[in-house]
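Here the structure is laid out as structure tokens; the discussion comes afterwards.
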Amino acid sequence: MKLQGKVVNWNDDKGFGFVEPNGGGDRAFVHIKAFKPRSRRPVNGEVIIYELVRENSNRFKATNIKFTRDAEASSNRSKSKGGGNFGVAFIIVFCVGLSTSIVVGKLPLIVAGLYVAMSLITFIAYAIDKSAAQNGRWRTKESTLHLFSTFGGWPGAYFAQNKLRHKSSKKEFKSVYWVTVILNLGGLIWLHTEKGTKFLNNTVVPLLNG
């Protein structure tokens with residue numbers, strides 16, 4: 001059974017100490033060799049996850065020890081990877097659908113060009129904002145990033161969030177991001193209607209060509 005506790009009386013020179021379980025229980029001996037993997041050395045007060053073993057001397061020993069924050073980071077990476085697989089698959093399906101519409105003549109090729117251009121602009125905007133955050137410069141408003149996504153830059157925003165690790169951990173931001181995706185796809189579907197086709201051919205295409 002996995003337990004969680006706090007490291008106490010750690011002697012770094014000798015590489016051992018003790019762990020007191022959260023919520024009370026048996027204090028256990030901790031040795032540096034019991035950490036899996038041995039990426040770094042613990043300090044007093046650090047929280048660890050471990051298994052409890054009773055030795056022949058009736059002394060308790062902690063085994064298969066992991067740092068709690070490392071375990072949580074690994075779990076978050078796994079969740080992010082799972083979400084990443086979904087996002088990539090979603091974009092692939094979108095690209096296939098968009099390409100099909102263009103091939104059969106439902107949409108002009110310029111629509112694909114708009115998505116590519118907006119995605120590049122949005123990716124660059126994310127990169128600039130991350131650099132600004134790291135260097136204490138003026139930040140890009142989140143509403144601006146969402147606006148770029150709404151007008152076709154959401155694929156670029158997705159890759160920026162995952163490749164640059166920017167805004168990817170903010171749940172509220174991610175929720176609004178997916179709303180922009182839905183709004184944009186709704187607009188794309190509308191372009192397939194009679195009114196949408198007229199708007200595209202009579203307003204958007206002449207504007208871009210002009």
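By convention here, the first residue in the shown sequence is residue 1.
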Single-linkage hydrophobic cluster I102~V93, side-chain heavy atoms < 4.5 angstrom: no
4.5 Å side-chain heavy-atom contact, I48 and F67: yes
Partner residues of D13 under the side-chain contact (heavy atoms from CB on, under 4.5 Å) criterion, sequence neighbours left out: N11
Heavy-atom pair with the smallest gap, counting every atom of P206 and L200: CD-O, 4.1 Å
Residue K130 excluded, over 12 heavy atoms near NZ under 6.0 Å: yes
Co-membership, hydrophobic cluster, residues L98 and F151, 4.5 Å side-chain: no
Evaluation steps, side chain to side chain contact (heavy atoms under 4.5 Å, CB included), between T180 and F148: CA-CA 9 Å; T180 68; F148 288 160; over 6 Å; no
Atom CZ of F60: over 12 foreign heavy atoms under 6.0 Å: yes
Spacing of CD1 belonging to I128 relative to CH2 belonging to W138, to within rounding of 0.5 Å: 9.5 Å
Any donor-acceptor pair under 3.5 Å from T197 side chain to L191 backbone: yes
Distance, nearest 0.5 Å, that separates OG1 of T150 from OH of Y177: 10.5 Å
Nearest heavy-atom neighbours spanning G156 and S119: N-OG, 3.3 Å
Partner set under side-chain hydrogen bond (donor to acceptor under 3.5 Å, both in side chains) for K167, not counting sequence neighbours: E142
Greater than 12 external heavy atoms within 6.0 Å of K106's NZ: no
Side chains of V30 and F35 in contact at under 4.5 Å (non-hydrogen atoms): yes
Side-chain donor-acceptor pairs under 3.5 Å in residues 107-118, sequence neighbours left out?
from, atom 1, to, atom 2, distance (Å)
Y115, OH, N184, OD1, 2.7

Considering all heavy atoms, the nearest N44-W10 contact: OD1-N, 2.7 Å
Residues H146, F173; criterion side chain to side chain contact (heavy atoms under 4.5 Å, CB included); working and verdict: CA-CA 9 Å; H146 289 317; F173 182 90; 3.4 Å; yes
Flag, side chain of S101 to backbone of G97, donor-acceptor distance under 3.5 Å: yes
Spacing of Q161 atom CD and F123 atom CZ [to the nearest 0.5 Å]: 11.0 Å
Atom pair OG1/CD of T68 and E46 - distance to nearest 0.5 Å: 8.0 Å
Residues, nucleotides or ligands: over 12 heavy atoms within 6.0 Å of E55 CD: yes
Heavy-atom side-chain proximity of K195 to W190 below 4.5 angstrom: yes
Under 3.5 Å: donor-acceptor pair, side chain of R59, backbone of F29: no
Spacing of I65 atom CD1 and I32 atom CD1 [to the nearest 0.5 Å]: 8.5 Å
Point-to-point distance, once rounded to the nearest 0.5 Å, from CZ of F18 to CG of D26: 13.0 Å
Crowding at CD, Q134 (>12 non-hydrogen neighbours, <6.0 Å): yes
Trace of the side chain to side chain contact (heavy atoms under 4.5 Å, CB included) decision for V181 with Y158: CA-CA 10 Å; V181 175; Y158 173 81; over 6 Å; no
Backbone of T140 reached by a side-chain donor or acceptor of D129 within 3.5 Å: yes
Cluster link I121 to F159, ILVMFWY, side chain under 4.5 Å: no
Residues K6, E20; criterion salt bridge (Lys or Arg N to Asp or Glu O under 4.0 Å); working and verdict: CA-CA 5 Å; K6 185 180 295 185; E20 293 182 347; over 6 Å; no
Mutual orientation of the aromatic rings belonging to Y126 and H166 [parallel < 30°, tilted 30-60°, perpendicular > 60°]: perpendicular
Heavy atoms of other groups near K2 NZ, more than 12 under 6.0 Å: yes
Side-chain (N64) to main-chain (Y50) donor-acceptor, under 3.5 angstrom: no
